[in-house]
Structure formats: structure tokens, C-alpha cells
Amino acid sequence: MANQFLTKTQALLKQARAIPRLLGWRLMLTLGACIGCGVISMLINAAWVTQSEEQLGEMRSTRQRLDLLRQVDAQLIRAESAQRGFLIMGDASYLAPYDRRAEATRAALSALQEEVSRAPETDRRLAPPLRRLSVVIGEKLAEMDLTIRFARQGDLDRAHEITATDTGLQKSIQIGATIKALADFEQQLLAQQRHKRERMVTGMRVSLAVGTVLTVLLVLLIVDRLLRELRRRQSESLTLAQRKQELDQLVQERTAQMETLAVEYQMDVERERYTLARDLHDELGSILTATKIDLSWVQRQLKEDHPQVVEKLNRTLRNLDHGIHFKRRVVQELHPSLLSTFGLIAAIRALAEEAAQRSDWTLHLSLPDENEKLDDVLGLIIYRVLQETLNNATKYARATEVSVSLISDADYIKLEIEDNGVGLDMHRLPEGTHGLQGMRHRVIAIGGKIDIFSEPGQGVFTCALLPKALRHPEGARPFR
């Protein structure tokens, strides 16, 4: 597992090292600058967003404190109104609203104190005046509670005496002034916070605009460099394509030349074989035949007087007959006369039947119509492939059945030879297999293909596919 991870990591690093070479250092630096600009802009905006959220929290706290101050003021006024209504009217229905308002005043004041205690250091300047306000409100509520208690006890005169003094009025004025001062301070603080936030939002917008402009410029620069790089590579690709086309055309021309030379070589070889076969047939055949005639004449002359010499001459004549037969076989192998006289199909049939008779095979032949007309070179190559294959089967295969098939269509002709012999290991061919190499060279030289399949004990299957259209050298002479 660790080795796989290490291998993948090394492959990624190798690919990463190849990127600068593919894109170019200038484009990589520009791309890096674009990425860096984007990252810096993102970090700055992230910091500003965090600071903006903090400012929003401070503004919410300020608004909350303003609302609580207004609630304290409103609830205290309503409590005082309920208290005076009860004292004036003597109606107990004013007591429940008074209790609710007084309790709401205390709750709002407590919430305000808690909010100020959580405020930042700059907002805690509210704490001293808020404590004084809490004391005064407490005294005011205590005074109103006292008057309510006296009124409930039926001592309205004493309650009116308390309300008639200037103490409650002074406390109310002091409370109102303190609340107004605190509210004014909160309003100023809220205005400062809004102004600060507006400046931050403006800075964020400017930063975003500058970052966007820089990013767009860098992207345009990258696109420009990419387009130039693409144009350069397209130009190189076109040049390479043209060069490849020229090379392909040159390869085709050279291949055609090689095929032509190969065909010419085959024709030259067969032409020399034909010349040698004709010389052997004409000259050596004439010599051997004349010698046989002379020896027969000498034999007849000495038949009565020298029987021992006649016996030697008989042996010599038999050896001479063997030589004549050997000459005929050599001539036939150099250039089969059947091929020139009767055509490829008849020559293949005769060659296969003779090999089957000589090796005692069961022969299976599948040949096209004998009127099939083929090129002389092609016919000779097919004949030589069959001849070499049958010779190998005779020498090494120890086969009992051999099949020969020749299939022809408009463009190709296919030769298949199969035997049921001992087979061979194609991966361990013995040295000196010149016959197999010769077959391959003959077929490949004219643009054909030959495959030989075999395994030990499975026989040998040879398949040769040859094109009918061959390139002949100009002015080439026929074999005959």
C-alpha cells in the first residue's frame, strides 16, 4: 500500500515538473500571479467580512441598548401614570397596570445593565451613568411603592404629601435627562459605527473591484499567451503534419521502389533459374543422351566377345540413367516446366500428387478452376511456397494426411497447407531454417503475408495471402 502511494506521488511530481516545460515559465509566472492575487483578495475580503460581522454585532447591541432605554423610560412613565391614577381616583384597577409597568421597568433596566456589561471596552463608558440611573430609578420606584402602600392602608393624605414634594419631580427630571444623555450617546455611537461600516463596505467594494480588474487583466494576459502558444503549436503541428505527409509519401515511394526491386529480384532469380535449367536440359541433357547412345553402341559391339565389359557397361548405363533422372529433377526444381506449359493449377496438382505418392500421404486438394490466369511471378512464388512446405513435410513431419487449398478472389489469392505431422515449437526453431525464412522473404517482398502455426504434436498449418496486383519493373523480360 505504501509502495503504491509512493509510486503515485512520484508520478504526480513528475507530471508537475513537466507542466512548466509544457506551458512555459512566463505563462506559469502569470498564472501564479493570478492565483496569488485571487488568494490575497480572498483573504482580505474574508478578514473584512469577519470585521463587518463584528461591527454588525456591535450595531445590534447599540440598537438593543437604545430600545431598552426607551423601554425603561416608557415603562417608568406608564407606571407613574398608573400610580397617580390610583392616588387620584382611588380605583384599585390601576394597581395591576402599575405592578406590570414597575416590573417591566426593573426587567428592562436589568437587561440594559447586562447588555452594557457584555459591550466592548469603548461602550462600557455607559456603565457609570447607568449605575446612577439605576439608583435614581430604584429610588423613584421605591417612592411610588411607598405611596401605593399608604394609599392601600387608607392614608391618602400621607401619600399625597409624598407626591406633593419636589423630590419625585426632581427624580423624574433627572431620570429623563440621564436617559436622554444615554440615548444621545448611543445614537452618536451608532452613527460612528454606521460610518465605520460604510467605510469598510466601500473599502471592500474597492478591493473587490481592484482584485477583479487585476484578475481580469491577468486572465486576459494568460489567455493572450495561451492563444499565442496555441498558434505557435498549431503552426508547429502543421509543419510536423506537412513533414509527416512528406515522409509518408517518401516512405510510400521507397516502399513501392522496394517492392519493385523485390519483384525484379524475384524475376531475376527465376530468370537465372530458368536459364540454368534450360542449359542443363539442353547441354547436359544432350551430353548425357549422346553418352548413353555411344555406350549402348559399344555394348552391342562387345556383347559376344567381352561379357565382363558388357556387365560393367550395363552398370554404367544404369548409373547414367540415374544421372539423367537426377538432371531432370534438378531442372524441374529450378524451373518447373509444367508451370510454364500448363499453368499454376496443373503444376500445383502435379507437385502435390507427386509428393503424396513419394511420402505415402493421404492428399486432400482444393483448387480453383484451371483456367485461372495469374502473374508469372505470383505463380512462381505460390509454387515455391508449396514446394518448400511439402519438402519440409516430407523430411520432418512424418505426416499421414496433407491438405492443400488455393482460394482466389478479385484482389487476393490464399494458399493453405496443413499436415497432421509431429509439428514443431515455433519459439524454438532450429538454426539454419533458411527454407522458412526464404518463404517469408518471397511473400513479404511482394506485399503479401504468411503465417505458420504449429505446436509439438499438432501438425503444421501454413497460410499465405498474396495480392494479385504486382508492380513490375519497366522493361522486365518474361521467364520464357
So, are [X] and [Y] salt-bridged, with charged N and O less than 4.0 Å apart?
X: Glu388; Y: Arg384; result: no
X: Lys414; Y: Glu416; result: yes
X: Asp67; Y: Arg70; result: yes
X: Arg194; Y: Glu198; result: no
X: Arg100; Y: Glu103; result: no

- Message: Between Trp361 and Thr394, is the side-chain contact (heavy atoms from CB on, under 4.5 Å) condition met? List the steps.
- Response: CA-CA 9 Å; Trp361 293 333; Thr394 301; 3.4 Å; yes

Residue pair [X] / [Y], side-chain heavy-atom distance below 4.5 Å:
X: Pro368; Y: Leu406; value: yes
X: His364; Y: Val402; value: no
X: Gln71; Y: Leu68; value: yes
X: Glu353; Y: Leu363; value: yes
X: Gln249; Y: Leu247; value: no
X: Thr400; Y: Thr362; value: no
X: Leu351; Y: Leu390; value: yes
X: Leu424; Y: Tyr396; value: no

- Note on the structure: Taking every heavy atom of Arg440 against every heavy atom of Ile452, the minimum-distance pair comes out as NH2-CD1, 4.2 Å

- Query: Taking all atoms of both residues into account, what is the closest heavy-atom pair of Gly379 and Leu344, and its distance?
  - Reply: O-CD1, 3.4 Å

Inspect the surroundings of [atom1] in [X] and state if more than 12 heavy atoms from other residues, nucleotides or ligands are less than 6.0 Å away.
X: Arg315; atom1: CZ; result: no
X: Gln357; atom1: CD; result: no
X: Glu455; atom1: CD; result: no
X: Gln245; atom1: CD; result: no

- Message: Leu386 and side chain to side chain contact (heavy atoms under 4.5 Å, CB included): which single residue from Thr462, Asn391, Leu415 fits?
- Response: Leu415

Once you round to the nearest 0.5 Å, how far does [atom1] of [X] lie from [atom2] of [Y]?
X: Arg228; Y: Leu230; atom1: CZ; atom2: CG; answer: 12.0 Å
X: Asp451; Y: Phe461; atom1: CG; atom2: CZ; answer: 9.0 Å
X: Leu227; Y: Gln234; atom1: CG; atom2: CD; answer: 9.5 Å
X: Gln252; Y: Asp248; atom1: CD; atom2: CG; answer: 6.5 Å
X: Lys468; Y: Leu378; atom1: NZ; atom2: CG; answer: 8.5 Å
X: Ser403; Y: Asp419; atom1: OG; atom2: CG; answer: 9.0 Å

Test item: [X] side-chain N/O and [Y] main-chain N/O as donor-acceptor pair under 3.5 Å:
X: Ser454; Y: Gly423; value: no
X: Lys449; Y: Cys463; value: no
X: Thr389; Y: Val385; value: yes

- Query: Are Glu418 and Val460 close enough, and set up right, to give a side-chain contact (heavy atoms from CB on, under 4.5 Å), and what steps lead you there?
  - Reply: CA-CA 6 Å; Glu418 184 176 11; Val460 179; over 6 Å; no

- Query: Where do Val422 and Arg398 land on the side-chain contact (heavy atoms from CB on, under 4.5 Å) test, with the steps shown first?
  - Reply: CA-CA 7 Å; Val422 297; Arg398 298 200 294 273; 3.4 Å; yes

